[in-house]
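Worksheet for the structure shown next.
Everything quoted here is computed from the prediction, not taken from an experiment. We use all heavy atoms of the structure for the numbers below, so side chains are in, but hydrogens, waters and symmetry mates are not.
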Amino acid sequence: MSYVDKNLIPGEQVIYRTRLHWIVILGHLIFSIILGIAGAWLVLGLPGVSNFPPNDVQYARIGGGVLILIALISLIAAMVRRNSVEMAVTNKRVTVKVGLMSRSTEEMMLNRIESIMVDQSIMGRMMNFGTITLRGVGGTPDPFRRIAHPLEFRRQVQHQLDLIQGPPPPASPLPTKS
């Protein structure tokens, strides 16, 4: 069960969830692929390694195994980082939880949100990630970077704010010429 689900207040429902975009693991993925290929080359004794003296071949294979292990640890660390961030819009608040072992949470009641901004680079627009900045009444801006689907997150927050505030007042009729 997720943090948000465990901490719902009576009458509260989760409306929308998101998390960090997969782009946050891209650097780790590239690093892991490079280390994995180098490690496999050493472990499998591909061309060039077999020309080493026998003791060096053994050390090369051990070194290759270490490189593969480092690649796996890097990839697992990136996946844990991505999956340890949880963001949700409920019918009463916005919740952001960061961390697995130690935890940091930020919760803002919907009626205390003054503004919500979305910042997306060109790459962010193409790949649908960006930074959401929430500003509470009298508070400082709280940016959340590399969020997946930031425009949908903002839309859901705005929709919930509209529901809380009720329908807009009817427009006054335009004066007619007599």
Test your reading of the model: is there a side-chain donor-acceptor pair from K97 to the backbone of E107, 3.5 Å cut-off?
no

Taking D162 first and then R155, would you say they form a salt bridge - that is, a charged N and a carboxylate O separated by under 4.0 Å?
no

Keeping H21 on the side-chain end and M127 on the backbone end, is there a donor-acceptor pair under 3.5 Å?
yes

Step through the shown structure and confirm whether more than 12 heavy atoms of other residues, nucleotides or ligands are within 6.0 Å of CZ on R17.
yes

Common cluster, L29/I37, ILVMFWY with side-chain heavy-atom separation under 4.5 Å:
yes

All heavy atoms of G65 vs all of V43, minimum pair found to be N-CG2, 3.4 Å

Output yes when a side-chain donor or acceptor of Q160 lies under 3.5 Å from a complementary backbone atom of V89, and no otherwise.
no

At their closest point, which heavy atom of K92 faces which heavy atom of G11, and how far apart are they?
CE-O, 3.7 Å

At their closest point, which heavy atom of M108 faces which heavy atom of I113, and how far apart are they?
SD-CG1, 3.4 Å

For I164 and N111, work out which heavy atoms get closest and say how close.
CD1-N, 4.5 Å

Quick check: closest heavy atoms across V137 and E114, and the distance to 0.1 Å?
CA-OE1, 3.9 Å

Report yes or no: does S32 contribute a side-chain atom to a donor-acceptor pair with the main-chain N or O of A71 at less than 3.5 Å?
yes

Is it true that the side chains of H149 and T18 contain a donor and an acceptor less than 3.5 Å apart?
no

So, are E86 and R19 salt-bridged, with charged N and O less than 4.0 Å apart?
no

